[in-house]
Amino acid sequence: MWLRLFLATFVFFLFHDSTLAGDQSRDPGRAILVLDASGSMWGKVKGRTKVEIARESIARLMKSWDPDIELGLIAYGHRRKGDCGDIELVLPVARHRPEDVVNAVKRLNARGKTPLSAAVKKAAETLGYSKERATVILISDGIETCGMDPCAVAEELERVGVAFTAHVIGFDLKKEELADLQCLAEGTGGMFIEAVDAASLTEALSTVEESVAEASPAPRVPPASRLAAVLKNGMEPLDNQEINWYVTAPDRGTDGTYKAIGKYRHVNPRLRLGTGKYRVQVKTGLVVAETVIHINTENPAEHVVNLNAGRLTLVGYYKEGGERLNKRTRWNLYAVGADADAKRRFLDYTNAADPTYTLSAGSYQVELQSGLARASVRVDMRAGDVVEKKVFLNAGQVSLRAVLKEGGPPIQKRIHWYLTVNTPDKKGEYKTLSHNSNPSPTFTLGAGRHRFVVTAGSARKVFEVDIEPDRLIEKNVSLDAGQVKMIALDKANGQPLKKVRWTVTRPEKNDRGAYDQVTYSSYHTPGFTLSAGRYRVVIGHEGTQSVAMINVNAGDIKELRIRVGAQQ
């Protein structure tokens, strides 16, 4: 069904472009269909594979196909998996019998990658695009997967071609996949048609069929103008960054909006527009600029839009002259007024290591964050500035590991690290600034002394670390604790018991005559991490209680078997 849409579009453009100015005789034209036969064509639409839809659609349409129209067929991804060079001229450009086209499509077996840019370029070269008019129709259900840039390919084909056009039909595409295929079509003055489901295909097919019926044999409009953007008047045009162009009517309509005419993603797009005025809006980075241009098809020109902006690259360091930050960074960008006390306005954030921003002339505040360390600087941008700003965190790192005793192996489970304030509040409590349950966490902190608490089970240790700028400290923290696995045994037969509740308390009563609880578990064979010392263990089972006294030494990793009912 979706290929019927392509073929109807194909007929329209052949007839529309086939008549030269002053010559009304019919020229059926020459074109090549570039067909996606990659593995994704086995995907389904409404329960049917795209391969099946393609084969049946071509077979139906070729029954009434005009044998005078010269058509070639290029397919990609149909012979080998994972091969970006799998592009084949299946049918040369000629007046084929309908059954030849049908049989050629039937023999295609979707299986490989999507080298769509190289396939379009091969089709253009096959048609001799640098010497005569050439039309290529690409049908794809996915984006380029072989490393080429469709926008750059469109730019080259448009620049070299005498009158080259690529029409693109995107079928069942995701939103993020649209831009590159649109770029290929719009960059060569072609049409991009998105087909998302059966209903939209039917509607689009109807629209195209009406256009074919109403089309007059008009000559192709030559490229009229090129757009370029500069940071400042007099500077070279930008040529190495993403730019989005929007061309509209020069004035608002009765509904208060500007009628859209075209959008382009190339750095320096060509416009195929008639003589007249047009509003051009350009967006790049955080800059938006617009102007009104006058196109004269008799005198093509380059229209330059002044962005009145600069380029700012941000680089973070632990300290001046120290190591460069390359991960675990966050940059926050704010706009501020000329007055230092003016309220700032958040613009953007990124986790890129060395981000580059295009910014309108003005004042900005840049904030660098890595871990819990922060640094902030003010940047004043002027039009035409291309600057690199170094930001120094004055920070270092500490890598922590917990051990049961000095020299022991690291504890790998049930570890909690808490970074707190250094001074308690009025209630004597230390506010937690950060929590981490990684066995071996690394904290990035500003220079100075920092307070930590580490817990493992009921064992707990408070310690401090002095952070120095641009230095990594590796610290083992001894909990002076042991690990004990407990098993309750039946007093009569010595077999392990289930449905046991364990309560571990201090060995002596407090001043209220009660035992302070340390920890508990309802698991029948629990493992406890306990600070070195003596403990009282209460084992509850089926309404009975047994009590045992145990000793835990720093570094212990042991198993205790306790008979229920026996006082120990």
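The analysis underlying the following values was restricted to heavy atoms, covering all of them including side chains, and did not include hydrogens, waters or symmetry mates. We count residues from 1, following the sequence as given.
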Residue list, side-chain contact (heavy atoms from CB on, under 4.5 Å) with [X], at least two apart or on another chain:
{"X": "D490", "result": "A492, N493, L497"}
{"X": "R330", "result": "N332, Y349, N351, Q369"}
{"X": "T356", "result": "R311, T313"}
{"X": "V34", "result": "I32, I74, Y76, A119, A123, V136, L138"}

Can you tell me how far [atom2] of [Y] sits from [atom1] of [X], rounded to the nearest 0.5 angstrom?
{"X": "L372", "Y": "L433", "atom1": "CG", "atom2": "CG", "answer": "7.0 Å"}
{"X": "N244", "Y": "K283", "atom1": "CG", "atom2": "NZ", "answer": "8.0 Å"}
{"X": "I487", "Y": "Q495", "atom1": "CD1", "atom2": "CD", "answer": "11.5 Å"}
{"X": "R563", "Y": "I539", "atom1": "CZ", "atom2": "CD1", "answer": "13.0 Å"}
{"X": "R111", "Y": "H78", "atom1": "CZ", "atom2": "NE2", "answer": "9.0 Å"}

How close do [X] and [Y] get, heavy atom to heavy atom, and via which atoms?
{"X": "T329", "Y": "A353", "answer": "OG1-CA, 3.9 Å"}
{"X": "T444", "Y": "S370", "answer": "CG2-O, 3.3 Å"}
{"X": "L393", "Y": "A375", "answer": "CD2-N, 3.7 Å"}
{"X": "I243", "Y": "A229", "answer": "CD1-CB, 4.3 Å"}
{"X": "W331", "Y": "P355", "answer": "NE1-CD, 3.4 Å"}
{"X": "A395", "Y": "A373", "answer": "CB-CB, 3.6 Å"}

Any salt bridge linking R382 with D380? Criterion: basic side-chain nitrogen under 4.0 Å from a carboxylate oxygen.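 Salt bridge between R382 and D380, a charged N being under 4.0 Å from a carboxylate O: no.
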Does the distance from a Lys or Arg side-chain N to an Asp or Glu carboxylate O, for E559 and R561, drop under 4.0 Å?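 Salt bridge between E559 and R561, a charged N being under 4.0 Å from a carboxylate O: yes.
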Taking [Y]'s backbone N and O only, do any of them form a donor-acceptor pair with [X]'s side chain (distance below 3.5 Å, no angle check)?
{"X": "K485", "Y": "T525", "result": "no"}
{"X": "W502", "Y": "V537", "result": "no"}
{"X": "D385", "Y": "G310", "result": "no"}
{"X": "T145", "Y": "T114", "result": "yes"}

Are more than 12 heavy atoms, taken from residues, nucleotides or ligands other than E464, located less than 6.0 Å from that residue's CD atom?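 Enclosed.
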Under 6.0 Å from the CZ atom of R79, do we count more than 12 heavy atoms belonging to anything else shown?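 Check passes, neighbour count above 12.
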State, with a plain yes or no, whether a side-chain heavy atom of [X] is found less than 4.5 Å away from one of [Y].
{"X": "V168", "Y": "V120", "result": "no"}
{"X": "I411", "Y": "Q483", "result": "yes"}
{"X": "L445", "Y": "V465", "result": "no"}
{"X": "S38", "Y": "K113", "result": "no"}
{"X": "R378", "Y": "Q365", "result": "no"}
{"X": "T350", "Y": "L314", "result": "no"}
{"X": "V366", "Y": "L333", "result": "yes"}

Please assess Y364 against L347 for the test side chain to side chain contact (heavy atoms under 4.5 Å, CB included), listing each intermediate value before the final yes or no. CA-CA 9 Å; Y364 300 87; L347 295 177; 3.6 Å; yes
Mind checking what makes ring pair (Phe, Tyr, Trp, His ring centres under 6.0 Å) contact with F452, not counting sequence neighbours?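 Expected list: F443, F463.
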For E367, all residues meeting salt bridge (Lys or Arg N to Asp or Glu O under 4.0 Å), sequence neighbours excluded: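 E367: salt bridge (Lys or Arg N to Asp or Glu O under 4.0 Å) contacts with R374.
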Considering only residues two or more places apart or on different chains, which pairs with a residue in residues 349-365 satisfy salt bridge (Lys or Arg N to Asp or Glu O under 4.0 Å)?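 Those involving residues 349-365 are R324-D354.
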For residues 467-475, please give each side-chain donor-acceptor pair under 3.5 Å, one per line with the distance, not counting sequence neighbours.
residue : atom : partner : partner atom : Å
E468    : OE2  : R471    : NH1          : 3.0
D470    : OD1  : E323    : N            : 3.3
D470    : OD2  : E323    : N            : 3.0

Can you sort out the partners of S117 under side chain to side chain donor-acceptor pair (under 3.5 Å), two or more places apart, ordered by chain and number?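 Listed in chain order: E144.
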D255: what forms a side chain to side chain donor-acceptor pair (under 3.5 Å) with it, not counting sequence neighbours?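 In terms of side chain to side chain donor-acceptor pair (under 3.5 Å), with neighbours along the sequence ignored, D255 is linked to T257.
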Review item, side-chain donor-acceptor pairs of residues 508-517, under 3.5 Å, at least two apart:
residue : atom : partner : partner atom : Å
N510    : OD1  : R512    : N            : 2.9
N510    : OD1  : G513    : N            : 3.1
N510    : OD1  : A514    : N            : 3.0
N510    : ND2  : A514    : O            : 3.3
N510    : ND2  : D516    : OD1          : 2.8

Using the rule given for side-chain hydrogen bond (donor to acceptor under 3.5 Å, both in side chains), can you reason through R460 versus S531, listing the C-alpha separation, both sets of side-chain angles and the distance that settles it, and then say yes or no? CA-CA 7 Å; R460 181 176 183 271; S531 297; over 6 Å; no
Using side chain to side chain contact (heavy atoms under 4.5 Å, CB included), reason through I550 and M486 one step at a time and then give a plain yes or no. CA-CA 11 Å; I550 64 171; M486 299 187 184; 3.4 Å; yes
What pairs of residues pass the side chain to side chain donor-acceptor pair (under 3.5 Å) test when at least one of them lies in residues 399-425, not counting sequence neighbours?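 Those involving residues 399-425 are R401-N476, H416-H435, T420-R451.
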